[in-house]
Amino acid sequence: ANCPIRISQSCSSSSAEKPMPGNSMLRHLTSKIKATGPISVAEYMREVLTNPVMGYYVQNDMLGPDGDFITSPEISQIFGELLGIWCLSEWMGAGKPSRFQLVEFGPGRGSLANDILRVFSQLRGALGGAAVSVHLVEVSPKLSQIQAQCLTGDQSQVSASEDEPVYRQGTTTTGLPISWYRNLDDVPRGFSIYLAHEFFDALPIHKFQGTEKGWREVMVDIDPDEPGKLRLVIVPAPTLASTQLIQADEKRRHVEVCPEGGVIVQRLANRIAKDGGAALIADYGHDGTKTDTFRGFKSHELHDVLASPGSADLTADVDYSYLRRMAGATVACMGPISQKDFLKNMGIDTRLQVLLRNCADPSTRAQLIQGCDMLTNPLKMGERFQFFTMLNHSRLTRPEQSKRGKKMAPVPKMGPAPLPVAGFSELGLS
């Protein structure tokens, strides 16, 4: 079922698969809708992906060649290495604080963190004795197990009580303390570099359609013609979401909004403003131009979002214009910039040449070249994937020499210019 979702119909081409008779998620959703009426797309996504008993992320190891999608760190080690360099560069740009928390949201199989920690280990001298710790925000117990295996070997323990904010902790194979949390609020405060790679696209979205009567919410309902099937409908009356979440100057006629993403960005912005640090968000996304991006993936193929719920991954492109608006003036924002430009600015071409020089095996060489092409080619992931960063304002300002607490104007002596933000400007690495 590769056709795009259109309003009021659930992409029901003849090829769309019939719901499995034993699909307990479908039964659960159907009884919910029967009891309370149509549910928002956000509630549908939340149930399908993170329901504690039958949610897709709770049940499945969905990553890698046998899963439903492969992420950039799985495609090439260079991706993670360059992000490791970015983290170090931002730590240096902030004046090399003595404590440094690396926080990753939804770390998948742990591949990205693994590549970053390898860079930290190789450049241990550059870190100069800073106390580095790793903090992973992960809702899936199953994935946390896979991450722990990847990052610590068997050097991690699950907390005795389910209610502990830290539900697993240990030591990475590179010797750093590592902890797992269910949400950001449980992560300790302090200077942190936050990474969210393919995290925001899985957060629940509300969908809205402009009509003659104003904005109306698109919701999930039972198909009256086929009771075992779901469909998308435009609800006739305004909902709380349709009155609260649309910008007054919105030009698009169809809009997707992710309030949960907005809340996380606000919390990150507040932390960065108070404790220092930076956040790097990398995801499929746009800057407020796209409309209908809600889609499903199963076995690396597009999948009807409403067919056999719970068996496929659901995602929507990240609207960076919305995230920037939610961050407000609390932090400095840069981007979005395409993955191609970000990785080229980070020196991916130079890094590839170094790896190729040190690698004689033809199949590994071919894999490296293919991996880089996949990441940077505009026809593959190069343009679809976007990078966005939030920084503490002090990161971009030149320290001013002041006299008796008053800024002198004009200031004859300025401190050194701040380091450029890696990836978002050309570093001229050769």
Side-chain angles (χ1 to χ4, degrees), residues 71-97 100-105 107-108 110-130 132-135 151 172-176 191-198 272 276-283 334-359 368 371-372 374-376 381-382 385-392 395-396 418-430:
T71 65
S72 300
E74 250 92 50
I75 292 167
S76 173
Q77 70 177 71
I78 302 179
F79 182 86
E81 289 172 350
L82 295 177
L83 264 60
I85 300 287
W86 190 89
C87 295
L88 282 177
S89 169
E90 278 315 298
W91 170 76
M92 288 172 178
K96 305 184 178 179
F100 173 4
Q101 299 190 148
L102 175 69
V103 183
E104 189 184 358
F105 290 86
S111 314
L112 178 58
N114 197 35
D115 290 338
I116 290 172
L117 294 178
R118 189 174 62 252
V119 169
F120 284 9
S121 183
Q122 286 163 346
L123 300 179
R124 196 169 272 142
L127 278 160
V132 182
S133 54
V134 185
H135 306 264
L151 299 170
T172 69
T173 48
T174 58
L176 302 177
F191 178 89
S192 303
I193 302 286
Y194 300 94
L195 295 176
H197 176 262
E198 289 202 47
I272 290 165
L280 186 65
I281 299 171
D283 225 314
M334 294 177 90
I337 178 175
S338 72
Q339 175 163 289
K340 172 178 76 75
D341 289 346
F342 179 87
L343 295 176
K344 297 253 182 213
N345 287 342
M346 287 300 299
I348 190 168
D349 298 325
T350 311
R351 180 67 186 140
L352 175 62
Q353 294 313 317
V354 170
L355 287 175
L356 289 175
R357 271 205 302 275
N358 297 326
C359 170
L368 283 167
C372 280
M374 183 69 162
L375 294 174
T376 57
M381 295 171 86
F385 234 84
Q386 307 270 314
F387 280 70
F388 177 83
T389 185
M390 299 192 291
L391 308 160
N392 185 295
R395 171 67 180 83
L396 301 177
L419 286 172
V421 178
F424 291 85
S425 50
E426 261 184 88
L427 292 187
L429 296 170
S430 54

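Residue Leu280 holds its CG atom at 11.5 Å from CE of Met334, rounded to the nearest 0.5 Å. For the atom pair CD1 of Ile348 and CD of Glu81, the computed distance is 10.0 Å after rounding to the nearest 0.5 Å. Distance CG/Leu123 to SG/Cys87: 12.0 Å, rounded to 0.5 Å. Interatomic distance, CD of Gln353 versus CG of Leu356, reported as 5.5 Å (0.5 Å rounding). Distance check: Leu176 CG to Gln101 CD gives 12.5 Å after rounding to the nearest 0.5 Å. Rounding to the nearest 0.5 Å places CD of Glu104 at 4.5 Å from CG of Leu112.
Between Asn345 and Ile337, the closest side-chain pair of non-hydrogen atoms falls below 4.5 Å. Inter-residue side-chain proximity for Leu151 and Pro107 is flagged as unmet; no heavy-atom pair is nearer than 4.5 Å. Two residues are said to be in side-chain contact when any heavy atoms from C-beta on lie closer than 4.5 Å; Val134 and Ile116 fail this criterion. Here the side chains of Phe385 and His197 are in contact, with some heavy-atom distance below 4.5 Å. A 4.5 Å side-chain heavy-atom check between Phe105 and Ile281 finds every atom pair outside the cut-off. Two residues are said to be in side-chain contact when any heavy atoms from C-beta on lie closer than 4.5 Å; Phe79 and Leu343 meet this criterion. Taking 4.5 Å as the limit, every side-chain heavy atom of Thr173 sits out of range of all side-chain heavy atoms of Leu117.
Closest approach of Ala94 and Phe191 over heavy atoms only: CB-CE1, 3.5 Å. When every heavy atom of Ser121 is checked against every heavy atom of Thr174, the shortest pair comes out as CB-CG2, 3.8 Å. Here the closest heavy-atom approach between residue Leu88 and residue Phe120 is recorded as CG-CE1, 3.8 Å. The minimum heavy-atom distance between Pro97 and Ala130, with the atom names listed, is O-CB, 3.9 Å. Closest non-hydrogen pair, Asn392 versus Gly276, comes out as ND2-CA, 3.8 Å. Minimum interatomic distance between Ile78 and Cys372 (heavy atoms only, all atoms of both residues): CD1-SG, 3.5 Å.
Of the possible donor and acceptor atoms, one in the side chain of Gln339 sits under 3.5 Å from a partner among the backbone N and O of Leu375. No side-chain donor-acceptor contact under 3.5 Å links Ser192 to the backbone of Leu102.
Ring pair Phe342/Phe387 is parallel by interplanar angle, where below 30° counts as parallel and above 60° as perpendicular. The aromatic rings of Trp91 and Phe100 lie parallel to each other, their planes meeting at an angle below 30°, with 60° marking the opposite boundary.
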(message) Determine whether Val119 and Ile85 satisfy the following criterion, side chain to side chain contact (heavy atoms under 4.5 Å, CB included), listing intermediate values before the conclusion.
(response) CA-CA 7 Å; Val119 169; Ile85 300 287; 4.1 Å; yes

(request) Give the intermediate values and the outcome of side chain to side chain contact (heavy atoms under 4.5 Å, CB included) for residues Val421 and Leu396. (result) CA-CA 8 Å; Val421 178; Leu396 301 177; 3.6 Å; yes

(message) Please determine whether salt bridge (charged side-chain N to carboxylate O under 4.0 Å, His left out) holds for the pair Asp341 and Lys344, giving the CA-CA distance in whole Å, both sets of side-chain angles, and the decisive distance to 0.1 Å.
(response) CA-CA 5 Å; Asp341 289 346; Lys344 297 253 182 213; over 6 Å; no

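Residues satisfying the salt bridge (charged side-chain N to carboxylate O under 4.0 Å, His left out) test with Glu90, not counting sequence neighbours, are Arg395.
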